[in-house]
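Down below is the structure, laid out as structure tokens.
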Amino acid sequence: MILEGLISTVDEAGQPHISAIGPTVDESFTRFVLRPFRTSRTFHNLQRSHQAVFHVTDDAEAIAAAVCGKEPSRATFFPAKTVRGFVLSTACRAYELEITEFDTSDARALLNCRVTLVHRMRDFFGFNRAKHAVVEAAILASRVGIVPENDIRSEWNHLRTLVEKTGGSAEHRAFEQLAAFIENAFHKAVI
Ligand SMILES: Cc1cc2nc3c(=O)[nH]c(=O)nc-3n(C[C@H](O)[C@H](O)[C@H](O)COP(=O)(O)O)c2cc1C
């Protein structure tokens, strides 16, 4: 099953880099399979360090911010214990990961990972349609240039309705941030 969340990796300067990612997990949460695009910063960081921290979160605004290229403040992290990396303290749970197998034969690499430590920070909020709509919007935003503009726009309007009906202020802010991001990306794609 795929679990959408946030991954932190360490860049060349030793600083945390956050990105949205959807690994496959087993039922016991002991093995993760990451599929990062080989062109992504996350992939390059993983190739160098072979270590990462995966976060389960209900913070849809953090997922939107990651897709828009905004890093959380350094104060939001604490150091990982079993890998060289950083844990996002605002997440619900975090899994320190070590890559055991690295396959780069496809455009999306296939990285088998074992869990070396689990952090449990707080309860998950629960199901909320606006939070899920923001995650869907974030996925669409990460696919501008891959998915046709018309397809993105028609799905976007449906997602906006869900955010307006069921979201709180964080989900409204997240959606607006993504809307500005995709408009900017469409504009660049046209030029
Ligand atoms: C919920 C969610 C899940 C995602 N899962 C993946 C994934 O599994 N693999 C991937 O390459 N990109 C995935 N993306 C897109 C990346 O987050 C996006 O391409 C990002 O720009 C790559 O980040 P980086 O270059 O900063 O590492 C996902 C995006 C979202 C919003």
Side-chain angles (χ1 to χ4, degrees), residues 1-26 31-72 77 85-86 88 90-95 97 99 101-113 124-125 127-147 151-152 155-156 159 162-163 170-171 173-182 184-186 188-189:
M1 193 143 150
I2 289 189
L3 176 63
E4 312 292 359
L6 291 169
I7 191 168
S8 70
T9 51
V10 178
D11 70 13
E12 298 90 331
Q15 295 303 309
H17 172 63
I18 282 281
S19 185
I21 200 159
T24 306
V25 291
D26 64 348
R31 304 217 51 104
F32 282 59
V33 181
L34 301 170
R35 301 293 315 270
F37 277 102
R38 284 194 281 128
T39 47
S40 67
R41 281 180 65 192
T42 297
F43 172 77
H44 291 295
N45 291 344
L46 288 167
Q47 199 172 31
R48 210 174 31 250
S49 74
H50 281 225
Q51 295 181 328
V53 181
F54 177 80
H55 304 83
V56 173
T57 187
D58 52 18
D59 185 350
E61 194 173 17
I63 291 178
V67 166
C68 296
K70 297 206 169 83
E71 300 283 350
F77 294 98
F86 299 92
L88 198 51
T90 49
C92 300
R93 305 197 301 277
Y95 295 85
L97 302 177
I99 298 168
E101 223 179 298
F102 209 96
D103 178 353
T104 57
S105 53
D106 193 67
R108 284 179 80 184
L110 195 151
L111 279 48
N112 276 304
C113 309
F124 187 79
F125 177 82
F127 288 127
N128 170 261
R129 296 175 79 197
K131 286 183 188 289
H132 288 277
V134 170
V135 173
E136 290 300 329
I139 289 172
L140 287 178
S142 75
R143 291 185 183 163
V144 172
I146 302 169
V147 174
D151 294 0
I152 292 182
E155 210 174 321
W156 202 263
L159 295 172
L162 293 175
V163 171
E171 289 70 37
R173 277 196 306 272
F175 199 78
E176 289 318 314
Q177 183 177 10
L178 287 168
F181 177 86
I182 66 156
N184 189 33
F186 284 145
K188 278 191 192 149

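Just so you know, residue 1 is the first one in the sequence shown, and it goes up from there. In listed order, ligands and their atoms are each counted from 1.
When each atom of ligand 1 is checked for a heavy atom of Ala138 under 4.0 Å away, the hits are 31 (C). Within the listing of ligand 1, atoms 1 (C), 2 (C), 30 (C), 31 (C) sit less than 4.0 angstrom from a heavy atom of Ile139. When each atom of ligand 1 is checked for a heavy atom of Val67 under 4.0 Å away, the hits are 31 (C). Heavy-atom contacts of Arg35 reach the following atoms of ligand 1: 7 (C), 8 (O), 9 (N), 10 (C), 11 (O) (cutoff under 4.0 Å).
The CZ atom of Arg143 sits 12.0 Å away from atom CG of Asp151, with the distance rounded to the nearest 0.5 Å.
Protein heavy atom in closest approach to atom 27 (O) of ligand 1: Thr42 OG1, 2.6 Å. For atom 5 (N) of ligand 1, the closest non-hydrogen atom on the protein side is Gly22 N, 3.1 Å. When only non-hydrogen protein atoms are considered, atom 25 (O) of ligand 1 lies nearest to Arg41 N, 2.9 Å. In this structure, the protein non-hydrogen atom closest to atom 30 (C) of ligand 1 is Ala20 CB, 3.4 Å. With hydrogens left out, the protein atom closest to atom 23 (O) of ligand 1 is Ser19 OG, 2.9 Å, a heavy atom. For atom 18 (C) of ligand 1, the closest heavy atom belonging to the protein is Ser142 CB, 4.1 Å.
There is no protein heavy atom closer than 4.0 angstrom to atom 21 (O) of ligand 1.
Without hydrogens or angle criteria, Arg173 side chain to Glu61 main chain gives no donor-acceptor distance under 3.5 Å. Under the 3.5 Å distance criterion, the side-chain polar atoms of Arg35 are matched with a main-chain donor or acceptor of Ala109. Panel note: side chain His17, backbone Thr9; no donor-acceptor pair is recorded below 3.5 Å. With Asp58 contributing its side chain and Phe125 its backbone, the two residues share a donor-acceptor pair below 3.5 Å. Checked by atom type and distance alone, the side chain of Ser8 pairs as donor or acceptor with a backbone atom of Phe86 at under 3.5 Å. For the pair Asp26 (side chain) and Arg31 (backbone), a donor-acceptor distance under 3.5 Å is present.
Distances between N or O atoms of Phe43 and those of ligand 1 include no value under 3.5 Å. Remark: ligand 1 and Phe37 share an N or O pair separated by less than 3.5 Å (distance only, no angle test).
Residue contact check for ligand 1: His44 places no non-hydrogen atom closer than 4.0 Å to it.
Within the 4.5 Å cutoff, the side chain of Phe127 has heavy atoms near those of the His132 side chain.
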Next on the checklist: Walk me through whether Arg48 and Glu12 qualify under side-chain contact (heavy atoms from CB on, under 4.5 Å).
Outcome noted: CA-CA 9 Å; Arg48 210 174 31 250; Glu12 298 90 331; 3.6 Å; yes
Checklist entry - Does the side-chain contact (heavy atoms from CB on, under 4.5 Å) test come out yes or no for Val163 and Val134, once each step is laid out? => result CA-CA 7 Å; Val163 171; Val134 170; 4.1 Å; yes
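The backbone and the side chain of Ser40 each have at least one atom closer than 4.0 Å to an atom of ligand 1 (non-hydrogen atoms only).
Comparing Arg108, His17, Glu4 against atom 26 (O) of ligand 1, the shortest heavy-atom distance belongs to His17.
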